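FYI, side chains are in, hydrogens and waters are out, and symmetry mates aren't considered; it's all heavy atoms of this structure. Just so you know, these numbers come straight off a predicted model, no measurement behind them.
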Amino acid sequence: MKSNHLAAIVTLSGLLLTGAACASAESYCQPANPQAVQQFLSETSQLTIALRVKEGELSDLNAYSMSDSRLDQGPDIRRINALEAEIEKLKDTIQTAARNNGIVVLP
């Protein structure tokens, strides 16, 4: 299962970063610099893995919360909130690394 997640991460990262990066409102696109992409991938590989793990954990918590039939125990809101904050911070860090390498990241 973990190898499937890692393979998906690598594939998605490659697709997102080796494609064209639109740089202006005029829809002018230029290919990303291969060296910048490689630098970005090496800088953010661990961050990307951590992001996917946290997103998976959040998904599991949300799924458990939705399927938990015990009325005396609700979802772990504190953990869910903490994960959402950690995920947002990781995304911001990855986007900053992309900008530092001259890679345009669309929302």
Side-chain donor/acceptor pairs under 3.5 Å, residues 81-90, sequence neighbours excluded:
from : atom 1 : to  : atom 2 : distance (Å)
N81  : ND2    : I77 : O      : 3.4
E86  : OE1    : K54 : NZ     : 2.7

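Q95 contributes atom CD, which lies 11.5 Å from atom OG1 of T44 (distance to the nearest 0.5 angstrom). Note that the CG atom of N100 and the CZ atom of F40 stand 10.0 Å from one another [nearest 0.5 Å].
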Test log, rule side-chain contact (heavy atoms from CB on, under 4.5 Å), inputs R52 and E57 = CA-CA 9 Å; R52 298 301 173 233; E57 185 181 349; over 6 Å; no

Apply the test side chain to side chain donor-acceptor pair (under 3.5 Å) to residues N101 and E43: give CA-CA distance (whole Å), side-chain angles for both, the deciding distance (0.1 Å), then the verdict.
-> CA-CA 10 Å; N101 284 291; E43 288 175 5; 3.1 Å; yes

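Under the 3.5 Å distance criterion, the side-chain polar atoms of N33 are matched with a main-chain donor or acceptor of Q35.
When all heavy atoms are compared, the tightest approach of I80 to N62 is CD1-OD1, 3.7 Å.
Residues satisfying the side-chain hydrogen bond (donor to acceptor under 3.5 Å, both in side chains) criterion with T96, sequence neighbours excluded, are R99.
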